[in-house]
Amino acid sequence: MAKILSFTPDDSVHAFLTTIPEVTYGEGPLSGVTVAVKDNISTKGIETTCASKILKGYIPPYDAHVVALLKDAGAAIVGKTNMDEFGMGTTTENSAFGPTLNPLDKNRVPGGSSGGSAAAVASGLCDVAIGSDTGGSIRCPAAFCGIVGLKPTYGRVSRYGLIAYANSLEQIGPMARDVKTLSRLYSVIAGHDPRDATTVNKPYSHEPSANIEGLKIGIVEEFFGEGVNPRVAEVVKEALATLESLGAVVKSYTMPSMKYALSAYYVTCTSEASSNLARFDGVRYGPGLDSAKSWHDAYSEQRKEGFGKEVRRRIILGTFSLAAGYYGRYYQKAQTARQMVRDDFERIFRDVDVIAGPTMPDIAFRLGEKSDPLQMYLADILTVPANLAGVPAISVPCGKIDSMPVGLQIIGKYFDDEKIIDTAFAFEQEGV
Amino acid sequence: MVTAEDVRKVAKLADVGIDDSEIAEFTRQCSGVLEYFEILDTLDQNQQLYRERYNILREDEVTPSLSQEESLQNAGQTEKGFFKAPRVM
């Protein structure tokens with residue numbers, strides 16, 4: 001029997017781009033749980049824009065795999081959340097429809113790119129949310145808004161119906177106010193999907209356990225180094241002491257590839273974006289072209305009008321990285337660096353169960369604070385390594401600075417999402 | 001370092017359109033990012049990429065897909081059941 005729920009949130013932080021006033025839901029493990037879905041995930045019959053003017057009015061004719069799973073589980077999908085256009089940003093200020101505000105301080109950003117999803121959950125407008133994480137886009141806003149967010153192991157959640165930005169890096173993942181609820185949501189969305197050939201058959205059906213006696217935690221020195229606010233580092237070190245008091249053993253490591261990680265990430269993601277976003281040509285979706293004009297003129301005109309500056313900048317950078325004569329200088333070297341990141345993780349994970357450190361180098365920025373693209377990119381330094389390697393990573397709140405939350409990031413071995421969820425759960429039980 | 005001409009050329013290749021008024025800003029910002037990427041030049045390039053990748057293919061069988069109406073429903077312009085695109089020549 002289908003049930004109906006009315007959803008009329010007082011959205012003073014602009015978390016939602018679309019809300020569903022009357023939501024139908026069914027029976028199942030998530031029956032009646034209100035879920036917000038990031039606006040780059042296709043929802044049949046519900047406008048899906050990626051926070052871009054170029055997709056304004058686009059109504060997907062099909063559901064993303066995760067959306068179908070949520071519906072089957074009885075979840076009530078209440079709306080689509082704001083984001084940086086196509087996922088390109090760290091603050092949600094790059095939305096074509098205006099920024100989302102941080103519910104804890106409306107002069108600050110919620111983080112990005114899944115900022116609307118994080119703000120909706122943090123302000124209690126819905127129970128849980130779905131985000132996507134290409135270089136930190138779930139963990140960053142989770143940290144900035146004081147909630148829990150998981151980037152699963154690459155391949156554990158289907159990307160079918162996720163509007164692609166950088167396929168080799170991104171994963172869909174759960175966001176919630178506590179670890180147990182996040183775990184419940186994750187158990188619904190994980191698993192193999194024949195329509196995404198990169199998924200593996202590793203469903204998730206874990207009950208979080210707070211017993212971390214004997215857990216080996218690696219600390220990467222570079223995660224506490226240059227560019228990281230010393231007060232953030234201090235809060236995170238206190239969190240590590242808490243984990244030690246629960247029986248974990250902490251050991252220090254270095255990760256030489258960190259020097260190259262951000263460049264490797266931005267070369268790779270812009271290259272993939274330049275290819276993926278070529279599909280937005282106004283023919284199959286978009287506002288419609290002036291068909292009297294020539295091909296290139298009509299496309300250029302529409303894409304200039306429809307894409308924001310950051311999207312065009314990343315397409316230009318990616319086209320440049322892949323261009324004849326530059327490929328060897330940028331893309332190829334970025335892949336070598338990406339391998340170094342994976343090798344570093346594999347080396348450390350031969351010794352330890354998880355790696356822990358800060359999620360973000362600082363607390364939530366003030367609106368408009370990061371106006372230079374490179375300065376914005378530098379904020380991703382601690383989250384991109386997990387995407388480059390494909391390993392799972394979770395952010396869990398671990399304290400506050402000036403009333404703003406700090407996130408503890410726990411990174412795990414391939415397909416060992418359960419272990420980082422347990423570690424986050426154990427920490428959460430201690431209360432902050 | 002990239003020049004204004006490089007940016008203009010790449011913007012044209014990528015069909016993103018660029019105004020004269022934007023060239024200076026895009027050139028400065030892209031130069032900043034590409035200079036940052038130069039750290040990659042210090043990598044040891046003799047390392048072999050050893051990761052194996054393989055394709056996962058299924059049998060070529062007909063499976064359900066979108067109907068013609070569904071496929072066309074978001075198009076700006078259609079004609080006689082086709083997408084209408086700008087002229088190529």
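Chain letters run A, B, ... following the sequence lines, proteins first and then strands; every chain starts at 1. All values derive from a computational prediction rather than experimental measurement. Atom set for the values below is all heavy atoms of this structure, side chains included, hydrogens, waters and symmetry mates excluded.
Under the rule for a ring pair (Phe, Tyr, Trp, His ring centres under 6.0 Å), B:Y36 has no partner lying at least two apart in sequence or in another chain. The ring pair (Phe, Tyr, Trp, His ring centres under 6.0 Å) search around A:Y266 returns A:Y377, not counting sequence neighbours.
Checking A:T49, A:I54, A:N276, A:T134 one by one against A:F86, the side-chain contact (heavy atoms from CB on, under 4.5 Å) holds for a single residue, A:I54. Each of A:H192, A:R159, A:R195 was compared with A:H65 under the side-chain contact (heavy atoms from CB on, under 4.5 Å) criterion, and only A:R195 meets it.
Side-chain contact of A:K80 with A:T43: a donor-acceptor pair under 3.5 Å is present, judged by distance alone. No hydrogens or angles considered: nothing links the side chains of A:Y414 and A:R156 as a donor-acceptor pair under 3.5 Å. Looking at A:T90 and A:D380, their side chains do bring a donor and an acceptor atom within 3.5 Å of each other. A side-chain donor from one of B:D6 and B:T3 sits under 3.5 Å from a side-chain acceptor of the other.
Contact of A:L317 with chain B is made through the side chain alone, with heavy-atom distances under 4.5 Å. The contact between A:T336 and chain B is made by backbone and side chain atoms together, counting heavy-atom distances below 4.5 Å. A:P194 does not touch chain B: none of its heavy atoms, backbone or side chain, sits under 4.5 Å away. If you measure heavy-atom distances from A:A278 to chain B, you find no contacts under 4.5 Å at all. Contacts between B:N55 and chain A at a heavy-atom distance below 4.5 Å are absent for every atom of the residue. Both the backbone and the side chain of A:K333 come within contact range of chain B, with heavy atoms under 4.5 Å apart. A:L277 does not touch chain B: none of its heavy atoms, backbone or side chain, sits under 4.5 Å away. Heavy-atom distances place both the backbone and the side chain of A:Q335 under 4.5 Å from chain B.
Between chain B and the options A:E301, A:H296, A:R338, A:K304, heavy-atom pairs under 4.5 Å are most frequent for A:K304. When each of A:S294, A:A298, A:G282, A:S321 is checked for heavy-atom pairs under 4.5 Å with chain B, A:S294 comes out on top. Taking B:E25, B:Q29, B:R28, B:K9 one by one and counting their heavy-atom pairs under 4.5 Å with chain A, the maximum is reached by B:Q29. Interface check for chain A: of the options B:V33, B:L43, B:T63, B:I56, the most heavy-atom pairs under 4.5 Å are formed by B:L43.
Near-neighbour residues of residues 65-72 of chain B relative to chain A, defined by a heavy atom under 4.5 Å from a heavy atom of that chain, comprise B:L66, B:E70.
For A:Y326, the OH atom counts as loosely surrounded, since its 6.0 Å shell holds 12 or fewer non-hydrogen atoms of other residues, nucleotides or ligands.
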Could you list the donor-acceptor pairs under 3.5 angstrom formed by side chains in residues 75-84 of chain B, with sequence neighbours left out?
from: B:Q77; atom 1: NE2; to: A:L289; atom 2: O; distance (Å): 2.3
from: B:E79; atom 1: OE1; to: B:K84; atom 2: NZ; distance (Å): 3.3

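Between A:Y299 and A:W295, the ring-plane angle classifies as tilted under the 30° and 60° cut-offs.
Under the 6.0 Å cut-off for aromatic ring centres, A:F280 and A:Y285 qualify, their centroids lying closer than that.
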